[in-house]
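One structure is given here, and the rest of the page talks about it.
A note on names: the letters A, B, ... follow the listed sequences, proteins ahead of strands, and every chain is numbered from 1. Atoms considered below: every heavy atom in the structure, side chains included; atoms not considered: hydrogens, waters and symmetry mates. Everything numeric here is computed off the predicted structure, so don't read it as measured data.
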Amino acid sequence: MKELNTALVVTLLLGLLVQCSTTPLDRDLSHLPYTPEPYEVKVPEGFPRLEVPEDNPITKAGVALGQKLFFDPILSADSTMSCVNCHLPYFALTDVEATSVGIDGLRGRRSSMSLLNVAFYNTGLFWDGRSPSLEAQALEPVEDTLELHHKWVDLVPQLREHAEYPALFRAAFGIQNTAEINKELAAKAIAQFERVQISDGRAKFDRVMQGEATFTPDEAAGYDMFFDVTNEFPDAECGHCHNVPLFTTNEYFNNGITAAATPEDFPDPGLGGVTGNPYDMGKFRAPSLRNITLTAPYMHDGRFKTLSEVLDHYNQGGQTSANVSPLIRPLKLSEVEKRQIIAFLHTLTDRKFVNHRR
Amino acid sequence: MRKLLYLLPLSLLFFVTACGDDDVQAEETAEVNLNFKATYDGDDFYTENIYKLFEGVDDTDIKFSTFDFFIGNVSLIKNVGEEFEETELLEIDFVSLSFDPGQAAQAEAGVTIQGRKVPAGTYDGIKIGFGVPADLNRTSPSEYGSGDVLSKTSHYWSGWDSYIFAKLEGLADHNGNGVFETSGVEEGFTYHMGTDETFTERTIFQTITLEVDEERTVNLNLDVRKLFRMTLSEYDQDDNDLLDVEDFPGTHTDAELQINKTMMNNFSDAVSLQE
């Protein structure tokens, strides 16, 4: 009898334990409001069309949830870092490190990319283009051992048990129960937030194009060389990979920053590491140059501290390298001309965007 | 009786509509696709392969990284009395033949573009435009969704207010040291062609008979080497009827417009209809 009583008590306690641990993970949310309202996305005139996946329309609640997740250190294993640590608004959603440092103090092998206008990156995300969509991209940093070093399998229960997130997921996606919170919905919310990080189209360059401002003589000369407008200045060949309106063509190039006699010689294969194609080795996404003055250091590994160093690299014609783009060539720019191009690059700075608190 | 009068026009409308449907259903059509492949002096064309620029005339080693172009206003033509009647196959499309040796199967297959259904019958040839027709060239990439061929910002040059109709890029080993270089040495060439005046049309006369419900692929070949033909002495300093690639490696500026024009015009000679 005593044994039976003991067994009953144990069973009851176990039952209570199980209930305690499962109730927050399996809580009905249907009584909470779900009234999705479209988020009004402002796309500047002349920008590409904003294309939104049918299964992830942008809503106010979705962006709000994405923003909260983006800034919340709950995403990291030790709750010390979140997306924003490497994508700081003031630095055009990048950081100031050559390569970013994760929660374990370890450096990644690549520089944090600006997320500005990432909604229009339709040829793959990351420097090597490995993610086909923002939704797919948003899943990666959480589990990257050099970044947030968490596990979705551990993070999802944290979100389900959280005091605020269940209601926010309900508001964003209409889920009925906390058990429906999963990594895919979290990634969708983050993707919504990232998708609305769009320039306001009011950088000086934009205002000049709209006839509301004029370039200084140096900026005008730089613009001429950047796009090879006239024969008055040398062709700096910039516009091929950094064309308007985003100042990227969403293509992948080897810009000659790494000397490599053969495709096997690249320390970081870039696109080639994704495709396995030897002719893609050493190629990286051409980044947008909007707000480039805020995103130092430069290149996929942050090797150049200043724009002046970047111009020196291109002016030399890069380094002899397998798969190098034929667009890389000695430019024969004078010191004055290099400064003029940098003056033009300053007109791409969109301070209103970086100062805006989202 | 008055009701019957109202019904009369309705009945006539029904017959007219019905007749129209019969016409559409009765139209006998065939489907025509276009297939593009590239060769270099008779050999299969691959990017990254090393060729002689023009063997026996200019033996500079050359390799390409990009070869692509727009086609526009493609139609089948039929001789009707003293005039030609055109049946449009497609308005605009984009062909990239930048296949490296690792993509041999794709290079071998070429690029096939689906054309429209056209009335079955016998045609006297095909007309192909190389570039973006003027009406579409007045638009710009931001006006198109990402799936549209005209959305490519990589193929629009705002300095020209024009799409880049064709790109031919690569490296030439001008100093003959066996290395394709960019560092301190100018061995790259980037021919980007465009502007309305360079739009090139070629009509190839060859009988094309299309049976009802047939799906036909018209095979077209481009000999890339022929794009380098140049007879303007200013740009052919070796006087060998070839573009001087070393001294004129690009086509951006107004001064280089003649190269731009000539290379686009060369598409006319470079394309051939394959059996």
[X] to [Y] - nearest heavy-atom pair and separation:
| X | Y | answer |
| --- | --- | --- |
| A:Glu51 | B:Gly147 | OE2-N, 4.5 Å |
| A:Pro326 | B:Leu171 | CA-CD2, 4.2 Å |
| A:Phe227 | B:Trp157 | O-CZ2, 3.0 Å |
| A:Thr320 | B:Phe180 | CG2-O, 4.2 Å |

Given heavy-atom pairs under 4.5 angstrom as the criterion, report whether the side chain, backbone, both or neither of A:Ser325 touches chain B.
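Just its backbone gets close to chain B.
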Which answer fits A:Glu45, side chain, backbone, both or neither, if we ask what part of it has an atom under 4.5 Å from a heavy atom of chain B?
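A:Glu45 has no heavy atom closer than 4.5 Å to chain B.
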Given A:Gln316, A:Arg329, A:His313, A:Gln319, the one that forms side chain to side chain donor-acceptor pair (under 3.5 Å) with B:Ser183:
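Of A:Gln316, A:Arg329, A:His313, A:Gln319, side chain to side chain donor-acceptor pair (under 3.5 Å) with B:Ser183 is met by A:Gln316 alone.
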Once you round to the nearest 0.5 Å, how far does [atom1] of [X] lie from [atom2] of [Y]?
| X | Y | atom1 | atom2 | value |
| --- | --- | --- | --- | --- |
| B:Thr251 | A:Asp228 | OG1 | CG | 9.5 Å |
| A:Thr249 | B:His155 | OG1 | NE2 | 9.5 Å |
| B:Asp100 | A:Asp280 | CG | CG | 7.0 Å |
| A:Asp235 | B:Thr190 | CG | OG1 | 7.5 Å |

Pairs of heavy atoms under 4.5 Å with chain B: top-ranked of A:Thr248, A:Asn277, A:Leu50:
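Between A:Thr248, A:Asn277, A:Leu50, the count favours A:Asn277.
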For [Y], is there any backbone N or O sitting under 3.5 Å from a side-chain donor or acceptor partner on [X]?
| X | Y | value |
| --- | --- | --- |
| B:Ser142 | A:Phe47 | no |
| B:Ser146 | A:Asn122 | no |
| A:Arg49 | B:Glu143 | yes |
| A:Asn243 | B:Thr153 | yes |

Which is it for A:Lys332 and B:Glu186 under the salt bridge (charged side-chain N to carboxylate O under 4.0 Å, His left out) test, yes or no, and what are the steps along the way?
CA-CA 11 Å; A:Lys332 301 171 186 141; B:Glu186 196 157 344; 3.1 Å; yes
Which one wins on heavy-atom pair count under 4.5 Å against chain A: B:Gly145, B:Gly102, B:Ser65?
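Looking at each of B:Gly145, B:Gly102, B:Ser65 in turn, B:Gly145 comes out on top.
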Below 4.5 Å from any heavy atom of chain A, which atoms of B:Val179 appear? Answer side chain, backbone, both or neither.
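Interface part for B:Val179: side chain.
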Checking B:Tyr144 against chain A: side chain, backbone, both or neither under 4.5 Å from a heavy atom?
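Answer is backbone: N, CA, C or O of B:Tyr144 sit under 4.5 Å from chain A.
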Heavy-atom neighbours of A:Glu212 CD exceed 12 at 6.0 Å:
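Count over threshold, so yes.
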Classify the angle between the aromatic ring planes of B:His192 and A:His240 as parallel (below 30°), tilted (30 to 60°) or perpendicular (above 60°).
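The arrangement is perpendicular - the two ring planes meet at more than 60°.
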